[in-house]
Chemist: 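Dropping the structure in here first, questions after.
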Amino acid sequence: MSWSAATMSDYAYARPSACRDIPVIDVGALESGEDALARIGASLVASARELGFFYVSGHGVDPLLRHQAFEAARRFFELPAEVKRLVAVGDDQRGWMAQGMARLEGSLTHDAKEVFFWGWEVAADDPDVLAGVPMVAPNRWPQAGAPWLRDAITAYYLQVVALGHRLMSAIAVGLGAPRDFFIAHYDKPLARGQLVYYPPSGPLDRQEHRFGAAAHTDFGALTLLAQDDRGGLQIQHADGDWIEAPPIENTFVCNIGDLLQRWTAGALRSTRHRVINRSGLARYSIPVFFDPRSTALIDPAALGFACADERLTAGEHIAARNRRNFAQYGRGDHVKLKPADSPVAALRPGESI
């Protein structure tokens, strides 16, 4: 079937990707010296300029911790809704978000996904929390039903954050900046994590042209995504076609977000992507949005780029995007059902509507 014929009959068509479409970059030598840092940084920036997506291998994240995190996600989402509701998400973007509460800008309908959000650990009496600094809040770890969740994902999360530091240092060098240019803004990172459950796509989803995650760009700086083996991630290639970004064992899919695109005055590309789960089975993914501290000033001029956009802070930018995309912020065009009453919210992993 030709691309044009397929798109006429399939709202979520994406062509299989060839090995040249999305590069796989081995970052194992990042800490072996300045020459390796410059070489890898140049590869990351070249991919970020052209496509905005790349896989990384040789990343150093323990595969056993990764497996443990995925098992924790599966166990958490299989809990009854009344248990997960004890840590229901608020406008601090921490805790459990039921299906039906995410509707990305420009989409036809809400996303078919369920999410648990967390971020960098801060105490309730942290000065930034008390001052109301955007996106800084204590995590909502479940004490009933899943008291194991925090320990099950924290070690993995910290290793991914450490990888994020290494990648951002390499990207800085690839842009011709000092290696610590970005990292100087990451002393108290937002580093937002998500456990995500996507139910299998069903007849009503197809009728309403629903995605697990509708086409969007990420809000922050750099996303590091661990996906399971179900497939379903699609990215919009530079030529405009949608292509599959299939799972590759022991890699992370990384992409540039809007914040880093803005920070580089458009030199690095924040690329649209989407998810649809046609595997017939539950799909899980774990993205970590590796973003600087909330008060970091996003100033392209500091990197040598001319830009007419107003300067703003990382927290202001991300909070504004959240308000336009999630129901807990009171956006009026989301589904009107309470999370516990929504027919999609009542589904268990492996079920569909």
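The analysis underlying the following values was restricted to heavy atoms, covering all of them including side chains, and did not include hydrogens, waters or symmetry mates. Worth saying up front: this structure is predicted, and the values here are computed from it rather than measured.
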Chemist: Mind checking side chain to side chain contact (heavy atoms under 4.5 Å, CB included) for Val288 and listing every partner two or more places apart, or none if nothing turns up?
Modeler: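 Tyr157, Val160.
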
Chemist: Is the closest side-chain donor-acceptor distance between Asp26 and His59 under 3.5 Å?
Modeler: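 Result is no, nothing qualifies.
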
Chemist: Which residue pairs pass the side chain to side chain donor-acceptor pair (under 3.5 Å) test when at least one of the two sits in residues 159-188, sequence neighbours left out?
Modeler: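 Passing the test, one end in residues 159-188: Glu34-Arg179, Asp126-Lys188, Asp128-Lys188, Asp187-Arg293.
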
Chemist: With sequence neighbours left out, write down each residue that passes salt bridge (Lys or Arg N to Asp or Glu O under 4.0 Å) with Arg150, or none if nothing qualifies.
Modeler: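 Once residues adjacent in sequence are excluded, the partners of Arg150 under the salt bridge (Lys or Arg N to Asp or Glu O under 4.0 Å) criterion are Glu121.
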
Chemist: Which residues pass the side-chain hydrogen bond (donor to acceptor under 3.5 Å, both in side chains) test with Thr264, not counting sequence neighbours?
Modeler: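 Result, side-chain hydrogen bond (donor to acceptor under 3.5 Å, both in side chains) vs Thr264: none returned.
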
Chemist: State whether the side chain of Gln261 and the backbone N or O of Ser270 hold a donor-acceptor pair below 3.5 Å, judged by distance alone.
Modeler: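 Yes.
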
Chemist: Taking only residues at least two apart or on different chains, which pairs with a member in residues 223-238 satisfy salt bridge (Lys or Arg N to Asp or Glu O under 4.0 Å)?
Modeler: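 Of all non-adjacent pairs touching residues 223-238, none passes salt bridge (Lys or Arg N to Asp or Glu O under 4.0 Å).
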
Chemist: Run the side-chain donor-acceptor check on residues 62-69: report pairs under 3.5 Å with partners two or more places apart or on a different chain.
Modeler:
residue	atom	partner	partner atom	Å
Asp62	OD1	Leu64	N	2.8
Arg66	NH1	Thr251	O	2.9
Arg66	NH2	Thr251	O	3.2
Gln68	NE2	Ala152	O	3.0

Chemist: Partners of Phe211 by ring pair (Phe, Tyr, Trp, His ring centres under 6.0 Å), sequence neighbours excluded?
Modeler: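 Tyr11.
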
Chemist: Sequence neighbours left out, what passes salt bridge (Lys or Arg N to Asp or Glu O under 4.0 Å) with Arg140? Give chain and number order.
Modeler: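 Testing Arg140 for salt bridge (Lys or Arg N to Asp or Glu O under 4.0 Å), a comparison that skips the adjacent residues, returns Asp92.
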
Chemist: Hey, which of Tyr197, Tyr284, Trp141 is the one that makes ring pair (Phe, Tyr, Trp, His ring centres under 6.0 Å) with Phe116?
Modeler: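 Exactly one pass, corresponding to Trp141.
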
Chemist: I'd like to check the ring pair (Phe, Tyr, Trp, His ring centres under 6.0 Å) partners of Tyr156; sequence neighbours left out, ordered by chain and number.
Modeler: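 Tyr156 satisfies ring pair (Phe, Tyr, Trp, His ring centres under 6.0 Å) with no residue once adjacent residues are dropped.
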
Chemist: Please enumerate all residues that pass side chain to side chain contact (heavy atoms under 4.5 Å, CB included) together with Glu82, with sequence neighbours excluded.
Modeler: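 Side chain to side chain contact (heavy atoms under 4.5 Å, CB included) list for Glu82, sorted by chain: Pro80, Arg85.
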
Chemist: Can you tell me which residue pairs pass the side chain to side chain donor-acceptor pair (under 3.5 Å) test with a partner in residues 274-283, sequence neighbours excluded?
Modeler: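 For residues 274-283, and leaving out neighbouring residues, the side chain to side chain donor-acceptor pair (under 3.5 Å) pairs sorted by first residue read Asp10-Arg278, Gln227-Arg283, Gln234-Arg274, Asn277-Ser279.
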
Chemist: Restricting to pairs with a member in residues 42-55, which pass salt bridge (Lys or Arg N to Asp or Glu O under 4.0 Å), not counting sequence neighbours?
Modeler: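 Listed by first then second residue: nothing to list.
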
Chemist: With a 4.0 Å cut-off, would you call Arg75 and Glu78 a salt bridge?
Modeler: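 Salt bridge: no.
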
